[in-house]
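A short write-up of the structure that comes next.
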Amino acid sequence: MTSYGSSSAASSGSRTNGLAIASLCCGIVGLFFLNVVLGPLAIVFGVLARRQAAVRNGAGMAKAGIVLGIVDVVLWLVLLAVAASNGGFSWYVGG
């Protein structure tokens, strides 16, 4: 019988690498918001998590984070090129 508050299932299994989770989250969120910042972060976190993959689980998540980070950076470059071809950026606020 286990006592209340003890989690034998969580402590018995191996844990997923936190950097792999961070890489995947940065890659997903970077598709919609702040892709110029979150894309490179996803790549860096993913590379660091892949180096630790022998010790912890999460190699697949790290690889997905790297791919999404690359997609984020490419998306930012495409949006930058489209904005530059349309005459640049304009910050019109007001009526």
Side-chain angles (χ1 to χ4, degrees):
M1 184 166 131
T2 59
S3 64
Y4 178 75
S6 69
S7 58
S8 61
S11 63
S12 66
S14 62
R15 297 180 53 128
T16 304
N17 192 346
L19 287 172
I21 295 171
S23 173
L24 187 63
C25 290
C26 286
I28 291 172
V29 173
L31 290 174
F32 304 104
F33 304 108
L34 296 172
N35 52 2
V36 68
V37 175
L38 295 177
L41 277 177
I43 294 169
V44 170
F45 289 157
V47 168
L48 292 174
R50 293 277 294 167
R51 287 186 182 169
Q52 297 175 357
V55 178
R56 292 184 170 183
N57 292 335
M61 269 194 248
K63 189 182 291 186
I66 293 171
V67 170
L68 285 172
I70 292 170
V71 169
D72 290 345
V73 171
V74 169
L75 179 65
W76 178 72
L77 291 174
V78 167
L79 291 175
L80 188 67
V82 167
S85 70
N86 288 336
F89 301 101
S90 71
W91 295 95
Y92 177 73
V93 178

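We count residues from 1, following the sequence as given. Everything quoted here is computed from the prediction, not taken from an experiment.
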Determine all donor-acceptor pairs shorter than 3.5 Å in which one atom belongs to a side chain in residues 19-30; sequence neighbours excluded.
unit_1 : atom_1 : unit_2 : atom_2 : d
S23    : OG     : A42    : O      : 2.8
S23    : OG     : G46    : N      : 3.4

Acceptor/donor pairs from residues 63-73 side chains to any protein atom, 3.5 angstrom cut, sequence neighbours excluded:
unit_1 : atom_1 : unit_2 : atom_2 : d
D72    : OD1    : L31    : N      : 3.3

### Query
Mind checking whether V36 and L80 have side chains closer than 4.5 Å, heavy atoms only?
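No, their side chains stay 4.5 Å or more apart.
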### Message
Taking side chain to side chain contact (heavy atoms under 4.5 Å, CB included) as the definition, give me every residue that meets it alongside V44, ordered by chain and number, with sequence neighbours left out.
### Response
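Side chain to side chain contact (heavy atoms under 4.5 Å, CB included) list for V44, sorted by chain: L48.
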### Message
I need the F32 CZ to L38 CG distance, nearest 0.5 Å.
### Response
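Taking CZ in F32 and CG in L38, the distance rounds to 12.0 Å.
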### Query
Taking only residues two or more places apart in sequence or in another chain, which ones pass side chain to side chain donor-acceptor pair (under 3.5 Å) with N17?
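Counting only residues at least two positions away or on another chain, N17 forms a side chain to side chain donor-acceptor pair (under 3.5 Å) with Q52.
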